[in-house]
Amino acid sequence: MDSPEGATIRNEQKNRKFLKSLIRKQPRDLLLVIGTGVSAAVAPGIPALCSWRSCIEAVLGAAEQLEVLHPGDVAEFRKKVAKERDLLVVAHDLIRKMSPRTGDTKPNFFQDCLMEVFDNLEQHIQNPVVLLSILRLMERGTMVLTTNYDNLLEIFGQQQGKPMESLDLKDKDKVLQWARGHVKYGVLHIHGLYTDPCGMVLDPSGYKDVTQDPEVMEVLQNLYRTKSFLFLGCGETLRDQIFQALFLYTVKNKVDLEHYMLVLKENEDHFFKLQADMLLHGIKVVSYGDCFQQFPEYVQDLTAQICKQRSPDADRVDSTTLLGTSCVDCAKRKLGESGTDSPKRIKESDMPTLE
């Protein structure tokens, strides 16, 4: 028997309305930005995946167990986590504290703590609905970047037989290939990946080579101008310094853009204020519901709506195919009239094409 809460959620889903401007997008015109909410929906058994607060608390616990941070510092950071509103600032301070005094962020103990926290991720995948939806869009040309350190999407995609690839901003050639749409199953981790010993960065200064490279910056900013970004499970992303450095501060006329953000509507006043504020960044805020349990099914239904759209190339392909078939029939008739029993195979290069 379904619980009353489950029945209510399903009824709301049946009556769900989607923005026409979003569901009429072609998958290849979208770029997904994946935040902690996606990981939390997929692997709820790992608290560190649920939010920046949970992640920092888990890292502090690991640091305490591994004895890589002074107990006094652990206590001080726990106070900051409880009081500080901007948790990304706390994360910046923590990674610096666990790094060499030279100011360089590598090597550092922060990565060891994350490896401890994210150990055996594949065993914790409980609800892959969102990941399946993301892969479905990627198959059709949607690009993906994430602020997450985890590689749940890549792990699951590989299990489904997809050639997944984890990328970070320090590999210029790969970033350029990805940004130009040549890495179909590539996931760009703008903070790096926990499995990379030296690749994790929270501060834009760690990516000076990227932000000062005009070729890389132009190709990345062009994505924000030409694609519709769809933010999934992103709470702090727009305040993320690296995301700001790559997109928000450098792209002008943002109000002319059309991006989308799925959010939880817990408080109506807060929700509608957020809608108004985000329009200034060219971002349409959309509610997926008033409880987090509605998030996976909303993403699944939204993906189904987007994938239902007919590709603009479909008519051209069908017409070409039709014309090609007609030409083959014509050729057969002519060959029949000339008394040839076994006609030559028509080469594809010999068939007319539509411009």
Side-chain angles (χ1 to χ4, degrees), residues 22 25-36 38 88 91-92 105-106 134 137-138 140-151 153-154 164-194 196 198-262 278-284:
L22 174 53
K25 299 286 183 190
Q26 292 296 322
R28 66 169 178 264
D29 295 329
L30 294 173
L31 189 152
L32 302 184
V33 181
I34 298 176
T36 55
V38 169
L88 288 175
H92 292 164
T105 58
K106 56 182 185 180
I134 293 170
L137 288 168
M138 292 181 82
R140 292 161 173 79
T142 298
M143 300 170 68
V144 176
L145 72 79
T146 181
T147 56
N148 297 345
Y149 288 124
D150 68 80
N151 58 345
L153 176 58
E154 292 95 308
M164 307 300 293
E165 198 168 348
S166 300
L167 314 171
D168 68 55
L169 287 171
K170 294 188 175 182
D171 189 339
K172 175 180 175 177
D173 291 340
K174 274 293 183 185
V175 170
L176 290 175
Q177 288 178 34
W178 172 85
R180 289 165 180 157
H182 302 319
V183 188
K184 184 174 182 178
Y185 288 100
V187 181
L188 180 64
H189 291 257
I190 65 171
H191 286 159
L193 194 62
Y194 82 96
D196 180 357
C198 302
M200 293 180 307
V201 179
L202 281 170
D203 192 318
S205 64
Y207 282 139
K208 280 182 180 176
D209 291 343
V210 175
T211 55
Q212 294 178 5
D213 187 317
E215 183 182 14
V216 174
M217 288 302 290
E218 173 58 28
V219 79
L220 289 175
Q221 290 162 19
N222 190 53
L223 290 175
Y224 203 68
R225 289 190 290 261
T226 59
K227 299 278 186 183
S228 283
F229 280 40
L230 175 56
F231 296 85
L232 302 178
C234 298
E236 303 284 337
T237 301
L238 293 186
R239 289 164 54 204
D240 182 292
Q241 292 186 32
I242 294 174
F243 188 86
Q244 289 175 342
L246 294 175
F247 302 109
L248 294 189
Y249 289 160
T250 48
V251 176
K252 297 178 180 178
N253 303 319
K254 287 181 279 292
V255 74
D256 298 329
L257 304 174
E258 191 172 52
H259 304 303
Y260 302 86
M261 177 180 285
L262 304 188
M278 287 300 99
L279 279 178
L280 297 174
H281 295 287
I283 299 172
K284 294 179 178 179

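Start at 1 with the first residue, then count along the sequence.
The closest side-chain heavy-atom distance from Leu145 to Trp178 is below 4.5 Å. At a threshold of 4.5 Å between non-hydrogen side-chain atoms, the residues Leu169 and Val216 do not count as touching. When side chains are defined from C-beta on, Thr146 does not count as touching Leu153, because their heavy atoms never get closer than 4.5 Å. The shortest side-chain heavy-atom distance between Val187 and Ser166 does not fall under the 4.5 Å cut-off. In this structure the side chain of Thr147 never reaches within 4.5 angstrom of the side chain of His189, judged on heavy atoms.
In terms of heavy-atom proximity, Val33 sits nearest to Phe229 at CG2-CD2, 3.5 Å. Minimum interatomic distance between Cys234 and Gly35 (heavy atoms only, all atoms of both residues): SG-N, 3.5 Å. Annotation for Val183 and Leu167: closest pair CG1-CD1, 4.4 Å, computed over non-hydrogen atoms. The heavy-atom pair separating Asp168 from Gly192 by the smallest distance is CB-CA, 4.2 Å.
Scored by the ring-ring contact (aromatic ring centres under 6.0 Å, His included) test, Tyr260 finds no partners at all (sequence neighbours excluded).
Considering NE2 of His281 and CZ of Phe247, their distance stands at 14.5 Å, rounded to 0.5 Å. Note that the CG atom of Leu188 and the CG atom of Leu31 stand 9.0 Å from one another [nearest 0.5 Å]. Here Lys184 contributes atom NZ and Met138 contributes atom CE; the two are 9.5 Å apart, rounded to the nearest 0.5 Å. From Met217, atom CE reaches atom CG of Asn222 across 12.0 Å, with rounding to the nearest 0.5 Å. Between the CG atom of Asp29 and the CG atom of Leu230 there is a distance of 12.5 Å, given to the nearest 0.5 Å.
Using a 30° and 60° split on the angle between ring planes, His191 and Tyr149 fall in the tilted class, from 30° to 60°.
Under a 3.5 Å cut-off, the side chain of Lys227 and the backbone N or O of His259 do not form any donor-acceptor pair. Listed for the Asn148 side chain is no donor-acceptor partner under 3.5 Å among the backbone atoms of Asp150. Looking at Thr142, its side chain does come within 3.5 Å of a backbone N or O of Pro27 through a donor-acceptor pair. Remark: the backbone N or O of Glu154 is not paired with any side-chain donor or acceptor of Asn151 at under 3.5 angstrom.
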